[in-house]
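Reviewing the structure listed below.
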Amino acid sequence: MVQVVWFKKDFRTLDHAPLHAASLAGDVLPLYVVEPSIWNFGDLSVRHYQFVKESLTDLNVRLKKLGASLYVMVSDMVEALDRLYEILGPFVMHSHMEHGLTHTYERDRAVKAWMDAHECVWREYQGDAVLRGKYVGHRPTYMKTYLKSPVIPVPKSIQGVKRSDKTLGNVDLLDTFTPPGSPADAPVRGGESEAIKHANAFFQSRFKAYQISISKPAKSIHSSSYLSAYLTWGNISIKSLHKATENHLKTLKETQQTFYKKQLSAFHTRLFWRSHFVEKVEMKPWIDHISKDPRYDDVRHRDSDAFKKFTTGHTGFPFVDACIRFLNRTSWLNFRQRAMLTSFACNTLLLDWKDVGRFLATQWIDYEPGIHWSQIQMQAGLIPPRHIPIYDVIKQSKETDPDGAFIRMNVPELAHLNADDIHEPWTLDSNPYIAPMVDYATVLKASKETLYQIKKEPKRKPYV
Ligand SMILES: Cc1cc2nc3c(=O)[nH]c(=O)nc-3n(C[C@H](O)[C@H](O)[C@H](O)COP(=O)(O)OP(=O)(O)OC[C@H]3O[C@@H](n4cnc5c(N)ncnc54)[C@H](O)[C@@H]3O)c2cc1C
């Protein structure tokens, strides 16, 4: 039987268990299916698609060197399986487990039902340090055990399937589909080769200022790893990255470079956080549309004018606008900036957290449902218990961008202002910028009072 390898969000050849197993089992048909219902769901955009296209082009080059080519289909998955069956008869399909929202679980359930009904075998492999289903045992131990397991080598060679059919296209077919959204001017490029380049650059020097610059908008551009998109789309495996980090940490320890070791340890910790958050959608695949705290369900609203000002970076608050414009141009922001934007939109403007979350998901290239929706709900104060994170955007601006370099870089209208004036241009005799969309102090105070008043009400469980 032909061994189909279904690439989902794992566009690489190293540490790819499904590809490795298939290469040992027989003739291999590497496959990517562009599923319109997944791409048009509302949380993905042309930005992600461009990244995926680059990843698949790179993957195809790598597969060809090993003896196989990548096939592409544009259709929903069950329909794709029907066509495969017509061409191949019964087949074995290998893929990584996907950790996603309700609609991708439903797609996977439909695939399983189809495979069972057609007496085809679907082998799913673990691709992250994530426990499927209910917790069994001690999760941190489980996570570490997985991460310590060996990295699976690139197959020595792959016997590509001989037969083909015109319903199975090659990577050129990717150009026939266009998802919604607008492309970024300066995005990170996708692909395993790019992931390796970024990882090398990080371990060589970027990491040296990792932690001290993590929340600084202009500096973090040069010290963050920028590896999140490569992890999201599986250009690099979490296991390989953990191992590479551990090796570098060992060298730093041996050479007693304590300061640098601290920087890299902070990065290492975040890799654990990643798996912890990815796991959230295993238990709560509904977190993109059901609030964890329904007490706040009625307080946030849809305001298309405010939403437009926020999403285009025309709020009149220089730092907020700089963050949004940078995001729209590059598809990336550091953690603090993401948290502040979410809080500003959900806790100051009181915009609907689902709309805000969906917009941000389509913009950042590393959109990973488990991390993303947990953070959106957390920053909107819906995941208890401690506090509702309300960031003062003026304070953030002065603290994290004291000389205004990041604002100047992204809001050219303010490039001529000095550090004293750039954070609050409305305090000048003549404001050279758009007027703030709201009276900040008044709205911030009112929203805070509203949210904290609700927090005093008796707790309620999510309506799942
Ligand atoms: C509202 C909001 C939404 C977010 N959505 C996403 C998302 O969709 N995808 C995503 O990868 N990250 C998300 N993050 C977390 C974080 O902001 C990004 O991982 C980080 O900015 C990516 O840049 P980097 O790769 O240079 O990260 P680094 O700082 O170099 O971190 C290394 C890796 O650790 C992981 N990581 C870092 N911070 C976190 C965190 N707080 N929680 C879980 N994992 C983390 C990421 O995989 C990241 O690539 C979100 C944060 C907020 C506040």
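When a ligand or atom number is given, it counts from 1 through the structure's own listing order.
Ring geometry for Phe317 versus Phe344: interplanar angle over 60°, hence perpendicular rather than tilted (30 to 60°). Taking the six-membered ring where the residue is Trp, His48 and Trp39 present tilted rings, their angle falling between 30° and 60°. Using cut-offs of 30° and 60° on the angle between ring planes, the pair His198 and Tyr230 is tilted.
What sits closest to atom 35 (C) of ligand 1 on the protein, heavy atoms only, is Arg270 O, 3.6 Å. The nearest protein atom to atom 26 (O) of ligand 1, hydrogens excluded, is given as Tyr226 N, 2.8 Å; this is a heavy-atom distance. Ranking protein heavy atoms by distance to atom 12 (N) of ligand 1, first place goes to Ile371 CG2, 3.7 Å. Of all protein heavy atoms, the one lying nearest to atom 42 (N) of ligand 1 is Phe277 CD1, 3.5 Å. Among protein heavy atoms, the minimum distance from atom 1 (C) of ligand 1 is reached at Thr342 OG1, 3.5 Å. From the protein, the heavy atom lying nearest to atom 22 (C) of ligand 1 is Ser228 OG, 3.3 Å. Here the protein heavy atom with the shortest distance to atom 33 (C) of ligand 1 is Leu271 CD2, 3.9 Å. Among protein heavy atoms, the minimum distance from atom 50 (C) of ligand 1 is reached at Arg338 CD, 3.7 Å.
Checked by distance only, ligand 1 and Leu227 come closer than 3.5 Å through their nitrogen or oxygen atoms. Geometrically, ligand 1 and Arg274 share a nitrogen or oxygen pair separated by less than 3.5 Å. The shortest N or O to N or O distance between Trp332 and ligand 1 is under 3.5 Å. Any N or O atom pair closer than 3.5 Å counts here, and Tyr210 shares at least one such pair with ligand 1. Backbone and side-chain nitrogen or oxygen atoms of Ser225 are examined, and one is located within less than 3.5 angstrom of a nitrogen or oxygen of ligand 1. Every N/O-N/O distance between Trp273 and ligand 1 stays at or above 3.5 Å.
Annotation: cation-pi pair Lys144/Phe272 present, NZ/CZ under 6.0 Å from the ring centroid and within 45° of its normal.
Between the side chains of Arg62 and Ser193, at least one donor-acceptor pair of N or O atoms lies under 3.5 Å. Thr255 and Gln257 form a side-chain donor-acceptor contact under 3.5 Å, judged by distance and modelled atom types alone.
By the criterion of a heavy-atom distance under 4.0 Å, the backbone of Leu333, and not its side chain, is placed next to ligand 1. Of the heavy atoms in Asp366, both backbone and side-chain atoms come closer than 4.0 Å to ligand 1. Only the side chain of Phe267 comes within 4.0 Å of ligand 1, counting heavy atoms alone; its backbone N, CA, C and O stay farther away.
Every atom of ligand 1 is numbered from 1 in the order shown, and the set under 4.0 Å from a heavy atom of Ala339 is 53 (C). Using a 4.0 Å cut-off to heavy atoms of Glu368, the atoms of ligand 1 that qualify are 7 (C), 8 (O), 9 (N). For ligand 1, the atoms closer than 4.0 angstrom to any heavy atom of Leu231 are 47 (O), 49 (O).
Checked by atom type and distance alone, the side chain of Ser343 pairs as donor or acceptor with a backbone atom of Tyr391 at under 3.5 Å. No donor-acceptor pair under 3.5 Å is formed between the side chain of Glu457 and the backbone N or O of Arg295.
The option with the heavy atom closest to atom 16 (C) of ligand 1, from among Tyr367, Phe335, Phe272, is Phe335.
Within the 4.5 Å cutoff, no side-chain heavy atoms of Thr362 are placed close to those of Asp43.
With ring centers used as reference points, His289 lies 6.0 Å or more from Trp373. Ring centers of Tyr125 and His96: at least 6.0 Å apart, outside the cut-off.
Test Arg300, Arg302, Lys308 against Asp355 for salt bridge (Lys or Arg N to Asp or Glu O under 4.0 Å) and you get one pass: Arg302. Screening Phe177, Tyr49, Phe7, Phe11 for a ring-ring contact (aromatic ring centres under 6.0 Å, His included) involving Tyr32 leaves a single residue, Phe11.
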